[in-house]
Structures are given as structure tokens and as C-alpha cells.
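Numbered from 1 within each chain, the chains take letters A, B, ... in sequence-line order. Quantities reported herein were computed from a predicted structural model and do not represent experimental measurements.
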Number of protein chains: 2
Amino acid sequence: MTRLPTVSDVATAAGVSRQTVSNVLNAPDVVRPETRERVLAAVSELGYRPHASARRLRTQQSSTIGIRLDPMTDGISGVVLDRFLHALTAQADALGLRVMLFTAAGPEEEIAQFRRLSDGADVDAFVLTSTFEGDPRTEWLIEHGQRFVTFGRPWGVDDMEDPQHLWVDVDGRAGLRAATRHLLDEGLRRIAYVGWPSPSGTGDDRHAGWRETMREAGLDDDELDALEARTPEGVPHGAEALRAVEAATGGAVEGVVCSSDSLALGALLAARGRYPVIGYDNTPVAASIGMSSVDQPLEQVATGVLELLTGAHGGRVRHDGEPVGDPRHRLLEPRLVPRELQVAPA
Amino acid sequence: MTRLPTVSDVATAAGVSRQTVSNVLNAPDVVRPETRERVLAAVSELGYRPHASARRLRTQQSSTIGIRLDPMTDGISGVVLDRFLHALTAQADALGLRVMLFTAAGPEEEIAQFRRLSDGADVDAFVLTSTFEGDPRTEWLIEHGQRFVTFGRPWGVDDMEDPQHLWVDVDGRAGLRAATRHLLDEGLRRIAYVGWPSPSGTGDDRHAGWRETMREAGLDDDELDALEARTPEGVPHGAEALRAVEAATGGAVEGVVCSSDSLALGALLAARGRYPVIGYDNTPVAASIGMSSVDQPLEQVATGVLELLTGAHGGRVRHDGEPVGDPRHRLLEPRLVPRELQVAPA
DNA sequence: CTGTTAGCGCATTCAC
DNA sequence: GTGAATGCGCTAACAG
């Protein structure tokens with residue numbers, strides 16, 4: 001591994017000045033075609049590639065996105081971040097952006113990392129995941145003028161419309177509506193809900209999707225109260241919760257929708273194949289055992305995040321000239337992936 | 001977000017030259033204590049932090065590790081990379097190293113990324129995961145003098161001892177030996193094995209662990225042949241495979257060890273609680289349903305990878321003065337995590 | 001111990 | 001169109 005070629009080397013090889021080389025790379029149309037060809041030939045012959053740090057220093061932008069790797073791999077749903085990260089990295093690369101990782105034990109420590117990374121000009125934008133109500137991170141970022149986008153809505157009432165806060169999220173309510181409707185359409189009626197306890201931004205949102213769909217189907221509040229169970233994340237909790245609902249309804253359950261695949265897996269085991277269970281997140285577990293699940297459009301989330309980050313949305317209009325929604329956030333629709341149980345636990 | 005403070009700013013504030021500031025930060029003992037104090041005070045007052053790109057340009061090292069984010073998290077075991085990545089990032093940070101992500105659809109494309117990242121001086125070391133026999137990636141890296149460490153042994157016979165190839169791996173054979181012994185110690189005898197088809201470096205390694213332990217326990221080859229099933233990754237495959245073993249042995253199975261949690265989950269569902277099943281990777285799924293599994297010491301893997309990468313292993317000796325094995329690689333021992341089934345699928 | 005000087009590789013002024 | 005100069009912020013040579 002000898003010294004890497006520099007602009008000067010390319011210039012010498014092509015018989016032009018350093019400058020011209022720089023122009024060819026950054027403003028191609030300003031250079032005469034034949035000169036350009038010659039320079040490009042030299043570039044590929046020498047295997048030249050601009051020195052990232054030199055460019056970043058000169059341009060004063062790192063073109064690097066910082067994202068925290070969640071410590072919590074507790075839940076089965078940890079894979080969601082993983083898939084998102086993959087999509088984000090791939091799409092960022094296409095835009096000439098890099099993704100840099102960091103870790104933090106909690107919000108405070110994450111803020112300390114924001115400070116380190118931004119003060120050191122390591123990173124010039126952040127992507128946050130799993131936002132929660134009263135999230136101190138976004139507050140800090142706004143206060144310090146940092147560029148960022150969250151995957152997840154700001155659940156606090158005030159923040160929701162903060163123009164400084166760009167976000168992309170998936171409409172969990174619509175997801176649960178779709179799941180519930182799917183079961184209703186199969187002629188099932190007493191669809192139970194197993195989800196996280198309130199208050200929880202995402203949890204309450206998904207719960208609402210089930211509840212309102214069931215009401216539309218004609219069930220009254222008493223029936224619905226008996227059909228729902230709120231419980232913390234975890235497979236055993238899912239199983240317990242479903243058994244509780246069965247007890248409360250006299251075993252009249254005909255189907256279940258859940259706020260996560262973990263809970264769904266528990267419910268599935270408790271249901272023992274007597275009726276369908278639908279999960280959320282479309283994790284590998286769901287796929288492998290053949291459980292239906294709501295899939296988040298992670299590729300689109302990544303696209304949205306990058307658009308918001310790079311400001312590629314500014315003044316966008318549709319063909320008919322109408323502006324494309326609010327340019328400060330995106331709410332994406334998830335998709336139900338219906339499946340037939342592959343491995344019956346009976 | 002105004003302009004970031006530079007060394008000059010700190011120097012002015014502390015009433016010293018730029019240099020001294022640099023010295024305080026990079027060679028503290030070369031500066032008189034009182035001056036040092038004064039400089040450090042200015043540093044923290046201004047919130048100064050060295051500009052990463054400037055430093056990288058100057059020192060000609062990016063202090064950045066590149067790692068590919070695996071495309072498919074198909075298997076349940078995808079979480080393993082995730083946990084490893086987390087450990088790696090956290091420990092790298094403590095060493096002043098950053099972790100940069102990239103993606104690639106296959107080995108060829110990954111090599112193209114190696115080229116881009118190294119030619120651009122974005123990264124000065126790579127960490128590879130899931131190596132396989134005849135892996136073209138390591139060959140390329142060695143040929144091009146790139147610094148790298150693989151998480152996973154080079155499975156080819158020739159490469160195994162290549163002094164250029166630093167690696168860290170987990171002793172899957174020992175893992176399966178521990179799992180098998182655990183069941184034998186409980187008085188069980190006819191322990192089945194469900195694992196990946198041969199040839200597969202990791203697969204054959206784990207298989208050997210089971211097989212040799214069973215032989216030591218006195219079972220003969222015919223019995224063992226009937227007790228083992230080799231099948232591709234996947235929950236349904238695990239279930240099928242176990243049923244096949246049951247058929248072949250007349251239902252005499254008393255326990256199962258597997259080469260992955262996916263297969264184990266399938267086996268577990270097929271076993272319906274009649275006997276214990278042990279998985280591999282200790283994924284969240286295993287933890288949540290209460291399935292025993294072999295845990296890879298990912299924190300230690302990360303430690304080993306970084307030691308090898310930074311060359312911090314040179315000439316290390318133990319308390320008693322004995323050298324600590326071969327400094328070019330590490331083979332770590334996994335640990336069995338025994339559990340009681342939480343959610344019986346019956 | 002401290003200050004001066006000189007680049008790292010690039011992109012962005014300006015003159016030609 | 002092309003060439004020469006300048007500086008991004010830092011550290012590593014030196015000289016005092």
C-alpha cells in the first residue's frame with residue numbers, strides 16, 4: 001500500500017494543472033470535453049479518489065450522518081433498526097453521504113455524544129430513532145442548531161408541529177386498522193388486541209387503530225374493553241395477556257392483533273392454532289413461522305429521512321402543481337403481510 | 001451554531017502559542033503542569049474539540065473502521081451482528097476510533113467498496129464478518145495491503161495459518177460440546193443434532209462438537225447417524241428435521257442440540273415440550289421463550305478484533321510470564337445459557 | 001519547555 | 001477555458 005495519488009499526480013499525468021482536475025471532478029461542464037477525457041483517463045489509470053478528509057476540511061462539511069446503535073436488543077423487534085440502518089446506509093451512499101455509528105447508555109449520554117461528534121465536526125447531521133414524549137434529545141439538537149431528522153414522531157403535543165423538528169414515521173394506527181380489517185373480512189368478529197400499556201405514543205396509536213376499526217364493525221365499548229389487554233413487551237407477557245382476554249370473554253376470541261411480534265409470538269403460542277394472530281414489524285421470526293405481520297416500509301423511511309436531511313424536498317410540487325404535503329415530515333403507510341402458519345405449534 | 005473554536009482560539013485565550021495547545025492535547029507530559037492547566041481551562045471554557053477531518057488529514061490516518069452491514073437479516077440470528085456491532089462501536093470509541101458503515105450486495109461489490117473506502121482514505125481498517133471458504137475478500141485485502149481482522153476463521157486449509165490474516169472466532173465446537181454435555185449430565189442419552197448441511201465451516205465445526213461428545217458418552221456411529229439431521233437454516237426446516245430424526249429412531253429422542261436458534265425454534269415446536277432443545281446464538285427469541293442456547297461472547301470478540309487491529313497484542317504475556325497464545329488470532333469459548341421453558345407451546 | 005515554520009490534499013478565489 | 005495563489009485546522013519538524 002504505497003502513497004495514494006493526489007490531484008497533483010493526476011494533473012501531472014494528464015498534463016494539466018491541479019485546478020483543472022478539481023474542476024473536472026466538481027464542475028465538469030466548465031472544462032473542454034477533450035481535456036476532461038484526458039483527465040478522467042488519468043484518474044482511472046491512477047485509481048485516483050479524492051481524499052475524504054481533505055475535502056471535508058476544505059468544504060467544512062463532513063457529509064456524514066451520525067446514528068446511535070440502540071443498546072436494547074432485548075425485543076425481537078431489534079431487527080427493525082437493523083433493516084432501517086441498512087436502507088439508510090445504502091441510500092446515503094448513493095448521495096455521497098456516510099453513516100457513522102455511536103453508542104450511548106441513555107438520553108443524557110447520547111446528548112454528550114451529539115456534542116462530541118458535532119464539536120469535532122465528525123458528523124453534520126443526526127438521525128434519531130425511537131423518540132418518546134418529552135424527549136430531551138431533540139430539544140438539545142434544536143437548541144444547538146444541529147441538523148437532524150427523527151424516525152418517529154415527537155409525541156409531545158407541543159413538539160408535534162415544531163417547524164424545527166423534521167420527522168418521518170410510520171402510521172401504526174393505519175397498520176392496526178389494516179390488520180384488524182383483514183381478520184374482519186375473513187368473517188371473524190371478536191378480534192382481541194394485545195399491546196403495550198398506556199401511555200405510549202406508538203402503543204396508543206396502534207391501539208387506536210384496532211379500537212376504531214372494531215367500533216366501525218359494530219362492537220360496543222364493553223365488548224372492546226373485554227377484548228383488549230395491555231402488557232409490557234415480551235413473549236411470555238403476550239401469552240399471559242391473551243389467556244387473560246380468553247378468561248374475560250369466556251373463550252370467545254376469534255383472532256388477535258398485536259402491537260409487536262414479540263407479543264404476537266406469545267399470543268400465537270397461547271392460541272395454539274385455534275385462531276389467527278397478527279403481529280407488528282414483520283420480523284424474521286414472524287416470517288419463519290408463517291405469522292402474519294404488519295410491515296414497516298423501512299426503505300421509504302430511509303428515503304424520507306434523507307430527503308428531509310438534504311433538503312431535497314424544498315418546494316417540491318406534483319405534476320399538477322400542487323405542493324406535496326407538508327415538507328417537514330412524512331407519515332408513511334405500513335402494509336400487512338398475510339401468511340399461512342408454517343409451523344403449527346400443535 | 002456559530003463557528004467552532006480552533007487551536008488558535010484556544011491559544012489566544014490561554015496566552016500561549018498554537019503549538020503548546022497541540023502539545024497539551026497530544027503529548028501532555030511535554031508541557032509544564034501550570035501551562036497545561038491554563039490551556040485545559042481554555043479548552044473546556046471554549047468547548048474546544050479538535051477538528052476530526054483536519055487531524056485525519058494531517059496525521060494521514062482516518063482512525064475509522066469500516067464494516068459492512070449484512071444485507072439479509074433473514075435468519076433470526078441476524079441479531080448477532082447487531083450485538084457485535086454495538087460492542088465494537090462502544091469499545092472503538094474508547095480507543096478514539098470510529099465505525100463507519102457500508103453495504104454491498106455480494107463479495108464483489110464489497111470489494112469495490114473496500115477500494116472506494118480505502119482509496120478515499122475514509123477508512124483505514126476493515127472488519128469482516130461471516131467468512132467462508134475461499135473468501136475472495138480477504139485475498140483482496142491482503143493483496144492490497146489493507147489492515148483488517150475477520151470475525152470468523154478463514155475456513156480454507158491454506159489460509160488458516162496465513163500470517164497476514166488476523167482473525168477472532170468463537171469455538172462453536174466447544175459450544176456444542178457444552179450443550180451436549182449439559183443434556184448428558186441430566187441423564188439424557190439419545191441427544192439428537194439438527195444443524196446445517198456439510199460442507200460449511202461453522203456448521204461442520206459445531207456438528208463435530210456434538211458428535212465427539214456423544215461418542216465419548218459411548219454411542220456408536222450407527223446410533224449417531226440416526227440421531228443427526230442436516231438441513232438448511234429456517235424454522236420450518238428445523239421442525240421437519242427433528243421429525244425425520246424421530247421417525248428414523250422410532251421416537252427415541254431424549255433431547256436436541258442445534259446449530260442455530262432458528263433451527264432450534266423449529267425443533268422446539270416439533271418437540272412440543274416432550275424433551276429439551278438447545279439452540280445457538282442466544283438470540284432474543286430464545287431468551288423470550290425460555291429456550292437454552294449457546295451464547296457467543298460478542299464483547300470479547302470485539303475486544304479481540306480491536307486488539308488485533310491496533311496491534312495492542314504484541315508481546316503480551318500472562319502473569320506467569322507465558323506468552324498468550326498466537327498473537328495473530330483468538331479463539332474464544334462460548335457459554336451455554338441454560339433456561340427453563342417460559343412459554344410452553346402446549 | 002516554548003514559538004516559528006511548513007505542509008497534509010483539496011476547492012475556491014482570482015489573474016491570464 | 002487554464003494556471004497560480006491562498007487557507008481549511010491540525011501536527012510535526014525544527015529552532016530558541
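- Here A:Arg56 does not reach the OP1 or OP2 of D:dC8: none of its side-chain N or O atoms lies under 4.0 Å away.
- Dashed line: the shortest gap from a side-chain N or O of B:Thr6 to OP1 or OP2 of D:dG9 is not under 4.0 Å.
- Without hydrogens or angle criteria, A:Asp169 side chain to A:Leu331 main chain gives no donor-acceptor distance under 3.5 Å.
- Listed nucleotides D:dT11, D:dC10, C:dG9 differ in distance to B:His51; the shortest reach to its side chain belongs to D:dC10.
- Rounded to a whole Å, the CG atom of A:Asn23 is 13 Å from the C1' atom of D:dA4.
- Contacts of B:Thr35 with the nucleic acid, taken as non-hydrogen atoms under 4.0 Å apart, involve only primed sugar atoms and P, OP1 or OP2.
- When the nucleotides C:dC1, D:dT11, C:dT12 are ranked by their closest atom to the side chain of A:Arg58, C:dT12 comes out on top.
- Salt-bridge formation is detected for the pair A:Asp122/B:Arg56: a Lys NZ or Arg NE/NH1/NH2 atom is positioned less than 4.0 Å from an Asp or Glu carboxylate oxygen.
- A 4.5 Å side-chain heavy-atom check between B:Pro154 and B:Thr131 finds every atom pair outside the cut-off.
- The distance from atom CZ of B:Arg55 to atom P of C:dG9 is 18 Å, rounded to the nearest whole Å.
- When rounded to the nearest whole Å, the span between CG of A:Leu25 and C1' of C:dG9 equals 13 Å.
- Side-chain proximity of B:Ser17 to C:dA11, C:dG3, C:dG9: nearest is C:dG3.
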Item to complete: Could you go through the side-chain contact (heavy atoms from CB on, under 4.5 Å) check for A:Arg98 and B:Thr64 one step at a time?
Response: CA-CA 12 Å; A:Arg98 319 246 91 127; B:Thr64 302; over 6 Å; no
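- Separating the CZ atom of A:Arg36 from the C1' atom of D:dG1 is a distance of 12 Å, rounded to the nearest angstrom.
- Between A:Asp119 atom CG and D:dC10 atom C1' the separation is 16 Å, expressed in whole Å.
- Going from atom CD of B:Gln61 over to atom P of D:dT11 covers 11 Å, rounded to whole Å.
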Practice prompt. Go ahead and write out DNA chain D as dot-bracket, 5' to 3': ( ) for pairs within the strand, [ ] for ones crossing earlier pairs, | when the partner sits on another strand, dots for unpaired; Watson-Crick or G-U wobble, both distances under 3.5 Å.
Written response: ||||||||||||||||
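- The side chain of B:Gln60 lies closest to C:dC8 when the candidates are C:dC8, D:dG9, C:dC10.
- Within the 4.5 Å cutoff, side-chain heavy atoms of B:Leu69 are placed close to those of B:Leu85.
- Between A:Phe114 and A:Phe102, the angle of the ring planes goes over 60°, which puts this pair in the perpendicular group of the 30/60° scheme.
- A:Arg18 comes within 4.0 angstrom of a nucleotide base, judged by non-hydrogen atoms across all strands.
- Considering only heavy atoms from C-beta on, A:Glu37 stays 4.5 Å or farther from A:Glu34 through its side chain.
- Distances were taken from every side-chain heavy atom of A:Ala54 (C-beta onward) to each of C:dG9, D:dT11, D:dC10; the shortest belongs to C:dG9.
- Residue A:Thr20 has no polar side-chain atom (N or O) positioned under 4.0 Å from OP1 or OP2 of D:dG1.
- In this structure, A:Asp9 atom CG and C:dG9 atom C1' are separated by 10 Å, rounded to whole Å.
- Remark: B:Gln19 CD is packed, more than 12 non-hydrogen atoms of other residues, nucleotides or ligands lying under 6.0 Å away.
- Here C:dA6 presents its C1' atom at 13 Å from CG of B:Leu57, a figure rounded to the nearest Å.
- Of the candidates C:dT2, C:dG3, D:dC10, C:dT2 carries the atom nearest the B:Arg32 side chain, counting heavy atoms from C-beta on.
- Nearest-nucleotide mapping onto DNA chain C: of A:Ser8 and B:Arg38, the residue sitting toward the 5' end is B:Arg38.
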